[in-house]
Amino acid sequence: MSIEIIIQKAAVEAIKSLYQGEVNENQVQVQNTRKDFEGDITIVVFPFLRLSKKSPELTAEELGKYLTENVDLIESFNVIKGFLNLVISNEYWLGILGESYSNKNYGFKTVGEDAELVMVEYSSPNTNKPLHLGHIRNNLLGHSISEIVKANGKKVIKTNIVNDRGIHICKSMYAWQKWGNGETPESSGLKGDHLVGKYYVEFDKHYKAEIAELVESGMAKEEAENQAPSIIAARELLRKWEAKDQETVELWKTMNGWVYKGFDVTYKTLGVDFDKIYYESDTYLVGRDEVLRGLDEGIFYKKEDNSVWADLTGEGLDQKILLRSDGTSVYMTQDIGTAKMRFNDYSIDKMIYVVGNEQNYHFQVLAKLLDKLGFKWGKDLYHFSYGMVELPSGKMKSREGTVVDADDLVEGMVQVARDMSAELGKLENLSEEESENTFKMIALAALKYFILKVDPRKNMMFNPEESIDFNGNTGPFIQYTYARIRSVLRKAAEQNINITDSVTVDALSVKEKELLKRISLFPAAIVEAGDNFSPALIANYCYELVKEFNQFYHDHSILGETDENKRNFRLLLATVVSSVVQKGMGLLGIEMPERM
RNA sequence: GCUCCGGUAGCUCAGUUGGAUAGAGCAACUGCCUUCUAAGCAGUAGGUCAUGGGUUCGAAUCCCGUCCGGAGUACCA
């Protein structure tokens, strides 16, 4: 039971006994005492004035007196205006520390056999171009939220739906056929996804030129966009693909294969993975069948041009197309099929889609459609909607070349880590392999933390001109503090100092107590991050803990402490802090180096 | 037009179910490496929380209006 709840319950009793009044536990506003006041936990007494019929000060005095007398772990109190500051006993805080040290799960719940099954969809790339910064945000959020849900005791299946078919890949295929001269990843030395992306750009270049030419010769722009030879050729490829033309399917397989190889490298670098991958080419037909079933059952309707629609005007939404007039699937059709396949494959209790907020409307509609089709789980799907990554120049657009490529970004940051480390004279006695490993760890920590520390729902700004920071509120700062703690613990071990979990210290410094308070809040942070789908909460928690530790570290000697009890206590504290930070950062997919 | 989201320091972001004097980092300026790692610590400066009203003991937070920005809006994914 957390300290807040203990205090809340006690306060409810106190109000009953003092004023014969009933209050709900939630009405007891408990918060951490601000640093500039004495005390640990503060109760706001304003809500009780109508019961006490006394001034805020007097009410707080009476409540404080009652609580101090009746609750063991409350040692003393002071009152400032309507705020009752309670001082919690050292024994309580030390108990937290001893328990954390011996128990070691730090608020992580174990996943039982009958735990709720949560499927998390994230990443979901198109196969016509490499991953960029927007995808990185998606991947990191998806992976992190999976870890957080797991830590809250749920079974998680991470899934990826790959958009492997459609006009986009046909554009790359056509351009490669026409201008590729048989180029392959091997012959060009390019990563597969980059090679295919190159031909996507190539397509667009020619396509644009053709449109310009047609417009020049007097054609309307819209018509030109439909009549340009390149787009006609790409559409023809799509038709051939849908008709299972062997040569086309072979090319499609080959080029997608290149892309998957490339993606695998990027995923591995980012440290994300999946338990199950779905491909649109497998699910779109299932979706089409579902839509046709809906049509038979009168849930959907058909227009004269043979297109199939859902009427959602009754639900406050619009009409939505589900099958084009030529009978082919749209995005929504595919998502219906994918959902059906997933629920057939697994007994999913909750489905989470990690998809950008530009698709809020799409998921609103999807939930309604699945519900209409009779899937119980339809309306329970959760769209984890995150904000866009913006550049100073505005939105990222692949065609305009304003994207920040994922691989380039990571490589650039590893280089910065290398340079900085050399400049600071770090890691000089490590082998090249070990230091390279550490540079990667640091670079990825900087990138991941930079992205995950901001509220996922908000758009975020990334300035490619200024490289991501390694100082201040950053991943490397947290790693650095961790590495220093580990270094102290190594030295303690070298000196044969044993750490025991029996703590006997009678006076705690302000900083020590502050650290203990923060440690005690970690389990609550995990729950909160899970409830709010917010890795940012964990990131900020870790930063504050580590910042606090750095200050502590600065003015408290650990190994130099001569009082053995105190030294033991501080070593214990350092151990627990490092474990909590490691666990917390683990939830963000950030590894902690032993040295840096 | 309509719907949704956002606006906090020069910049990037925090800000607990409404609570005390608004919090970090970056950038700027001052100090601190003979002491467990200076990717650090201590400090200075920087705010009409877009704006106008309302609710109340109390509002960055809740409600209404206005302005600005972003996204979506029936055969792209």
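These numbers were taken from a predicted model, which means no experiment stands behind them. Below, chains carry the letters A, B, ... as their sequence lines are ordered, and counting in each starts from 1.
When the P atom of B:U73 is taken as reference, atom CD of A:Q364 falls 12 Å away, rounded to whole Å. Spacing between atom CG of A:N226 and atom P of B:C76 amounts to 10 Å, rounded to whole angstrom units. Atom-to-atom, CG of A:L573 to P of B:C36 comes out at 19 Å; the value is rounded to the nearest Å. One can place CD1 of A:I161 at 12 Å from C1' of B:A77, the figure rounded to the nearest angstrom. In this structure, CG of A:N357 is placed 15 Å from P of B:C4, rounded to the nearest angstrom. If you measure from atom CD1 of A:I485 to atom C1' of B:A39, you get 15 Å, rounded to the nearest angstrom. Rounded to a whole Å, the CE atom of A:M460 is 15 Å from the C1' atom of B:G6. B:C76 atom P lies 8 Å from atom CD1 of A:I321, rounded to whole Å.
Taking the six-membered ring where the residue is Trp, A:W241 and A:Y284 present tilted rings, their angle falling between 30° and 60°. Classification of the A:F450-A:F462 ring pair by plane angle, with boundaries at 30° and 60°, yields perpendicular.
In this structure, the aromatic ring of A:Y480 is not positioned over the six-membered ring of the base of B:G40 within 5.5 Å between centres and 30° between planes. Stacking is found between A:F37 and the pyrimidine-like six-membered ring of the B:A20 base under the 5.5 Å centre-distance and 30° plane-angle cut-offs. B:A74 has no base stacking with the ring of A:W309 when judged by centroids under 5.5 angstrom apart and an interplanar angle below 30°. An aromatic stacking contact links A:F46 with the base of B:C57, defined here by ring centres under 5.5 Å apart and ring planes under 30° from parallel.
Taking syn as a glycosidic angle within 90° of 0, B:C33 qualifies as syn.
Here A:K426 lies in heavy-atom contact (under 4.0 Å) with a base. Residue A:L49 is classed as having no contact, given no heavy-atom separation below 4.0 Å to the nucleic acid. Backbone-only engagement by A:V454 is indicated by non-hydrogen atom pairs under 4.0 Å involving sugar-phosphate atoms exclusively.
Stems are defined here as 3 or more consecutive Watson-Crick or G-U wobble pairs with pairing distances under 3.5 Å; those involving RNA chain B are B:1-7 with B:67-73, B:10-13 with B:23-26, B:28-32 with B:40-44, B:50-54 with B:62-66.
The phosphate of B:C75 has neither OP1 nor OP2 within less than 4.0 Å of any side-chain N or O from A:K303. Taking 4.0 angstrom as the limit, A:K458 places a side-chain polar atom (N or O) nearer than this to OP1 or OP2 of B:A14. Residue A:N540 places none of its side-chain N or O atoms closer than 4.0 Å to OP1 or OP2 of B:A24.
Comparing A:L559 and A:Y331, the nucleotide of RNA chain B nearest to each residue sits closer to the 5' end for A:L559.
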Derivation of the salt bridge (charged side-chain N to carboxylate O under 4.0 Å, His left out) call for A:D563 and A:R567 | CA-CA 6 Å; A:D563 180 333; A:R567 189 184 61 194; over 6 Å; no
May I have the step-by-step check of side-chain contact (heavy atoms from CB on, under 4.5 Å) for A:Q551 and A:E514, ending in yes or no?
-> CA-CA 11 Å; A:Q551 294 167 359; A:E514 195 58 39; over 6 Å; no
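Only the P atoms considered, B:A28 is 43 Å distant from B:U73, to the nearest whole Å.
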